[in-house]
Amino acid sequence: MVRLTDDYLQDAAAFTKAGITVPKFDQAEVKQAAQEAPVWVHFGGGNLFRCFHAKLAQDLLDAGELQAGVIVAETYDDGVIEQAYKPYDNRVLQVVMDEAGNYDKTLIASVADAIYYNKANTDGWSKLKGIFEKKSLQFVTMSITEKGYALRDVNGDLTEAAQADIAGNPDDARTNMGAIARLLLARFNAGKLPIAMVSTDNFSENGKRFEEAILTIATGWEANGTVPAEFVDYLKNPKQVSFPWSMIDRITPNPAESVAKILKDSGFEDTNIIHTAKHTNIAPFGNTEVTNYLVIEDSFPNGRPALDKAGVILTDRDTVNDADQMKVTACLNPLHTGLAIFGSVLGYNSIAEEMTNPDLVALVKQVGYNEDLPVVKDPKIIDPKHFIDEVINKRLPNKNIPDTPQRIASDSSQKIPIRYGVTLKHYLDEGKSTSDLKAIPLIIAGWCRFLMAVKDDGTPFTPSFDPLLDKLQPYVENIKLGDAVDAHAVLKPILTNKQIFPTDLEAAGLTPKIEAYFTAMIAGKGAVAKTLHEVLGD
C-alpha cells in the first residue's frame, strides 16, 4: 500500500505497482523556489483546483517550464487547509475517469504552500501579504465560485460586509474582494508591481466581474481617503494590473465513496473522505473527467510561464468570450441545468443514470442541437457541434463521474438568466422565430415545478440551495398534484422577475407554453415524466 506522503522519488516502484504516475520534480525544491520567488497564487483550494489547475502546474514543473510550486490561498474553509492539505504535505491523488471505466491516477505535488487567508488567521493574513509584495509573482488564478465575488444583495445594494470593508481599514477586510484588494494595495505600495488577476470561475465575463468588484472596494477607499488616487489608476491600467477573462470546463464532482473503494483495492491507502465543519466535501484524492478546456485572455503584464504547453488556450478577449458563451449559454451548461432540474423532480441521484432515460436524452439533444446551436457564435478555437457531441455522447453518460443533479441544481435562479436568457435574446435580436422552441420553455416550466419541492411520485424532496428559494417557493408551495390552478396568475411573479428573466418571456412568445407545460406537470403523479414524453418522445 502507498500513501500520499510516501517518498515518490525514492519509492517510485511502489507507486508504479499501484498504477500511480508520480512527478518528475522534487517537491522540496519547488517549495523552496516558491518561498524565495513565488510565481503563481491560486485562491480556492477545492476539488476543481486540485484536479485541474494543480495538474496544469505539475505538467509545467515536469517540463521545466515552471520552477516554483503554486501557493494556494483558501478564504472560506480553514478545514480544507487543516484537514486536506497539511496532513498530506499539500499533495492530492488526481483520478481521471473515462466513460470506458479506465482510471488514470497521478500524484499531484505541485502545491508549495497552502494558506488559510482570513483576518482571523494572523499568520496566513501576514504571509500572503508578503508574497504579494514580491516582484517575482506573475499571476493569480481564482476558483472561489460566483458568490465569492458578491458585494451586492439581490436588490443591487452593497451588503453590510462590503460597506464595512469600504468604510474600514484595508487590513480589516472581511469580504473576499476586500481581502484581495488589500493584497493589491500591498503590491502597489511595494513599487506598483505588475500582476495578472485571472478569474477561472465558471461564469460569463468573469474577468470583468472580478475587476468591477475590486474597483468597487478600491474606489470606495479612495473616496474615504484611505488610499491615494494612484492606487485606483494602478488597478485600471492593464499594463500594471490585468483582469483577463477566461473559460473553464471540467466536471469535477465531490470525491465519491465508490472511487475511494477502487483506490483502496488498487493499493492506495489515503481514501478517507473529509466532511469539514463548514460542509466542504474533500479528500486526499479528487475524481474528475478526461475532457477539459481552459481558455485565457493572454494579458500578463508581469510575464507568465508557457501555459499553452500544459494545454491552456491563450487568445484575445473576444475569442474567450465567444468560447465561454458557447459553453455556458449553449453547448454544456443549459443541458446540465435541464438534467439537474428534471433529475431532482424525477428522483435521480446520478447525471449519468439520467442519460439512460430516452426522454431526458431527447431533452438535452433538443436544447443543444436544435435550439441553442442555431444561434451560438462559433469561437473558431473549439467547434460547437463537436463540443455538444462530446457532452452528449461521452461526458454526461460517464458513469465513472459520480455527479448528481442535486449538485448541479444549486443556485439555479442565478444560472437561468445566462443559460437560457442569452439564447432567447439571440433569437429576438436576430429576428428568429421562437415558435418552435420547446425544450427551453419546458425546462423553465420544470424549474417552476421543481420549486414545489415535490417529486413526480408525490413525495417531498429538499431542493438544492438557491439564494432566492425563500422568495420564490411561496408562490407554488401550496399547490397539490391534481389541483386546478390558474398557471398564469401563479407563475406571473416568477416569470416576470427581471433578475431571473431579463429577457421578456411574454415578448418572446414563451409564457403561454411555459404555463401550459407547468399545468400538465402538476396534473398528478407521474405527470412530469408523461409531459416530457409527450413533448419530446417519439
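In this text, all values refer to a predicted model and were calculated from it rather than measured experimentally.
- A salt bridge is defined here as a Lys NZ or Arg NE, NH1 or NH2 lying under 4.0 Å from an Asp or Glu carboxylate O, and Lys415 with Asp411 fails to meet this definition.
- For the 3.5 Å distance criterion, the side chains of Thr141 and His53 fail to qualify, holding no donor opposite an acceptor.
- At a threshold of 4.0 Å, the pair Arg395-Asp249 counts as salt-bridged, since one of the basic side-chain nitrogens sits closer than that to a carboxylate oxygen.
- Taking the side chain as every heavy atom from C-beta outward, Arg209 and Glu205 never approach each other to under 4.5 Å.
- Side-chain atoms of Ser143 and Asp201 form no donor-acceptor pair, as typed in the model, at a separation below 3.5 Å.
- Of the possible polar contacts, one joining the Ser246 side chain to the Ser199 backbone as a donor-acceptor pair under 3.5 Å is found.
- The pair Glu353-Lys399 does not meet the salt-bridge criterion, since no charged nitrogen lies less than 4.0 angstrom from a carboxylate oxygen.
- One N or O on the side chain of Thr200 and one on the backbone of Met142 form a donor-acceptor pair closer than 3.5 Å.
- Note on ring orientation: taking the six-membered ring where Trp is involved, the planes of Phe243 and Phe210 are perpendicular (angle over 60°, cut-offs 30° and 60°).
- No salt bridge links Asp165 with Arg174; every basic N to acidic carboxylate O contact stays at or beyond 4.0 Å.
- For residues 440-462, the set of pairs meeting the side chain to side chain donor-acceptor pair (under 3.5 Å) definition, not counting sequence neighbours, comprises Asp457-Thr459.
- Between Leu536 atom CG and Gln366 atom CD the span is 6.5 Å, to the nearest 0.5 Å.
- Remark: the backbone N or O of Tyr348 is paired with a side-chain donor or acceptor of Gln406 at under 3.5 angstrom.
- Between Asp504 and Lys498 there is a side-chain heavy-atom pair separated by less than 4.5 Å.
- Using cut-offs of 30° and 60° for the angle between ring planes, the Phe387 and Tyr293 rings count as tilted.
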**From CA spacing to verdict: salt bridge (charged side-chain N to carboxylate O under 4.0 Å, His left out), Lys471, Asp466** = CA-CA 10 Å; Lys471 181 178 180 180; Asp466 190 302; over 6 Å; no

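- The closest donor-acceptor contact from the side chain of Thr423 to the backbone of Thr329 lies under 3.5 Å.
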